[in-house]
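Report on the following structure.
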Amino acid sequence: MSSDDSLRAAARTARAWPFEEARKVVARAERRAAAGESVGEVLFETGYGPSGLPHIGTFGEVARTTWVRRAFELMSPVRTRLISFSDDMDGLRKVPGNVPNPEMLGEYLGRPLTAVPDPFGTHASYGAHNNARLRAFLDRFGFDYEFLSSTDCYKSGRFDTALLVVLEHYETVRDIVLPTLGAERRATYSPFLPISPRSGVVLQVPILEWNKKAGTIVFEDEGRKTELPVTGGHVKCQWKVDWAMRWLALGIDYEMSGKDLISSVELSTKITRALGAAPPETLNYELFLDEHGQRISKSKGNGLSVDEWLTYGPDESIALFMFQKPRAAKKLYFDVIPKTVDDYIALLEQYRATDDAAERLENPVFHIHHGHPPAETYPVSFALLLTLVSASNAHDRDLLWGFIRAYAPQANPKDNPGLDRLVGYALRYYEDFVKPTKRYRAPTDKERAALGELAAVLDQFGDERDAEKVQFEVYEIGKRHGFEPLRDWFKALYEVLFGQAQGPRFGSFAALFGCRETAVLIRRALADEFAGRA
RNA sequence: GGGCCCGUAGCUCAGCGGCAGAGCAUCUGACUUUUAAUCAGAGGGUCGAUGGUUCGAUCCCAUCCGGGCUCACCA
């Protein structure tokens, strides 16, 4: 049996959630085939609302859907595609707080996002602008997807057939949705939202007539009875119907969504069945919470953004976070980054420790790297790097690597590129979290004398790299100047030179940092270059 | 009110049929001249409660109790 065959065999019984999901899709494809359809491909969809920018949830949804897609490909020879669908014909409901030209946007309320000028002035419309941001975001991670614009689909006629099917089932669809609405909305509800030929606004108005033969609807617009074809982009579907219509038109086999959309999924599923189609397989994932258990929302600015995560941890770590337990509410805040990075490292090692295909398929790193986890090793953990960087005052790559070699002599940036990247993240952590807490103080006269002598001795050492030799002299100078207890001498070194009450073993630091360089550092402190500085 | 998730060591969580685990925190020791780091070790749990299934339940099922989120306007 080839390794491919054994992978396929193992995939059929694998328990990792992407396989559980993929089996649902396999079963759906089999049902389609049994019904006489020729199943040439299977379609995965992720949705995007372009009234906002892509965020960590967008990343999670596309990443997770991709894992299901890859799992499916291990079980089935059927081709797959991932559609990233932008609901850009949706009306602009309110002016977002974080864009230029808000007063201009205010004049376009209610218009389709693709009919609103781009407040940034870089694209044909606000919708197009945000679509571009979405694509750049997805491309940044190398996702394989096919972008689809709702506006394009409507206007090009791609949705026409499905729109006529909705019209054909107008009453049924309406009656499915009506009971779920409040009294007020019920009065004006229509599965179709016409776009006013006069104002360009997506209208939420009662539909007076629907003509199945003509393929049109009639409604009142600015006091005049108006008739429009449901096809060709003149009319948009109300969103839950829109979702169902889209599933039908595109033939979507799988789509996941957040748990806030559970009732929408149920409704869209019913509508799809009413339209005579089989709804896709779905999964509800949990929303993310901040460290206090509150839902993350961009307006509140709580939790972590993708950019924030990627400032302190690599792509693999955020991917791992998304992989783990999609159905459990997870707290997403700074402290989870180091833990997730180290979990990733541990899983990578576990992966390499086994040849067993079945075992490997259960490992998140298999999915994160689409079946090809890297071969590299991480001789020290990220947690250790973070502690090291703050305890050792290692503020550049070479110095930090020097300390790393004290723990893992064989480690180096060339053979451990992943670790070298972690070094970069650790240094950024130092800059952002350690450095701001530093409080340098001026040395006392007694300390000045001792420091001056230490600088002179270090100059004599020159290129000395023996940490113990240096440490011995540091100790001798402390004794000679009558520090009692001696720890006060070391404490003074840290407070004056590093702005911290604690630090690395001083001899080790000087040996790595360079004795001459350390002497320079001391002289700068003696010249009061640091004191008082934060 | 409907739905969903979670109650496991002081904290954050993993485990999800076969002798209760990790990280952090705590304590002890080592690195024979500071501290931090590092290393070795220790303590610490009726696995929310009650029933059921099973030779066996933290795990599966039912009920209950707690905590939280979400939908009930729009997408």
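To find a chain, count down the sequence lines: A is the first, B the second, and so on, and within it residues start at 1.
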Could you check which of B:U70, B:A75, B:A14 has an atom nearest any side-chain atom of A:Leu193?
-> B:A75
Of all heavy-atom pairs between A:Thr269 and A:Pro279, which one has the smallest distance, and what is that distance?
-> CG2-CG, 3.5 Å
Of all the heavy-atom pairs spanning A:Leu267 and A:Thr180, show the shortest one and how long it is.
-> CD1-CG2, 3.8 Å
Against the side chain of A:Phe490, the closest entry in B:C5, B:U70, B:U34 is B:U34
Which part of the nucleic acid, if any, lies within contact of A:Phe483, taking any heavy atom under 4.0 Å across all strands shown: a base, the sugar-phosphate backbone alone, or nothing?
-> nothing
According to the Watson-Crick and G-U wobble definitions, with both distances under 3.5 Å, which nucleotide is paired to B:G7?
-> B:C65
Classify the nucleic acid contact of A:Leu493 as base, sugar-phosphate or nothing, counting any heavy atom under 4.0 Å across all strands shown.
-> nothing
Counting any heavy atom closer than 4.0 Å, what does A:Asp242 reach on the DNA or RNA strands: base, sugar-phosphate only, or nothing?
-> nothing
Testing B:U35, B:U33, B:A75 for proximity to the side chain of A:Ser264, the answer is B:A75
When A:Ala329 and A:Lys491 are each assigned the nearest nucleotide of RNA chain B, the 5'-most assignment goes to A:Ala329
A:Gln238 vs B:A75: side-chain N/O to OP1/OP2 distance below 4.0 Å = yes
Could you check whether A:Phe472 gets within reach of a base, just the sugar-phosphate, or nothing at all, counting any heavy atom under 4.0 Å?
-> base
Centres of the A:His367 and A:Phe19 rings: under 6.0 Å?
-> yes
Looking only at side-chain atoms of A:Leu287, point me to the closest of B:C74, B:A75, B:U70.
-> B:U70
Looking at B:G15, B:C13, B:C5, which one has an atom nearest to any side-chain atom of A:Lys339?
-> B:C13
Is there a Watson-Crick or G-U wobble partner for B:G56 with both distances under 3.5 Å, and which nucleotide is it?
-> none
Regarding A:Lys330 and the six-membered ring of A:Phe321, is the cationic atom NZ or CZ under 6.0 Å from the ring centre and inside 45° of its axis?
-> yes
Partner nucleotide of B:C73 by Watson-Crick or wobble geometry (both distances under 3.5 Å) = none
Just compare B:C4, B:C13, B:U33 and give me whichever is closest to any side-chain atom of A:Ile262.
-> B:C4
Check every strand shown and say whether A:Gln324 touches a base, only sugar-phosphate, or nothing at a heavy-atom separation below 4.0 Å.
-> nothing
Of the nucleotides B:A75, B:C71, B:U70, which has the atom closest to the A:Ser263 side chain?
-> B:C71
Among B:A75, B:U70, B:C5, the nucleotide that comes nearest once only the side chain of A:Ala328 is considered = B:C5
Does the side chain of A:Lys325 get closer than 4.0 angstrom to OP1 or OP2 of B:A14 through an N or O atom?
-> yes
Pair partner, B:G44 [Watson-Crick or wobble, under 3.5 Å] | none
Answer yes or no: side-chain N or O of A:Lys259 and base N or O of B:C69 forming a donor-acceptor pair under 3.5 Å.
-> yes
Using purine N1 to pyrimidine N3 plus N6-O4 or O6-N4 for Watson-Crick, or N1-O2 and O6-N3 for G-U wobble, each under 3.5 Å, what pairs with B:C19?
-> none
Searching all strands shown, indicate the nucleotide that pairs with B:G29 (Watson-Crick or G-U wobble; both distances under 3.5 Å).
-> B:C39
Residue that, paired with A:Tyr312, satisfies ring pair (Phe, Tyr, Trp, His ring centres under 6.0 Å) out of A:Phe334, A:Tyr425, A:Tyr333 | A:Phe334
Under 3.5 Å, side chain of A:Gln238 to main-chain N/O of A:Ser190, donor-acceptor pair present?
-> no
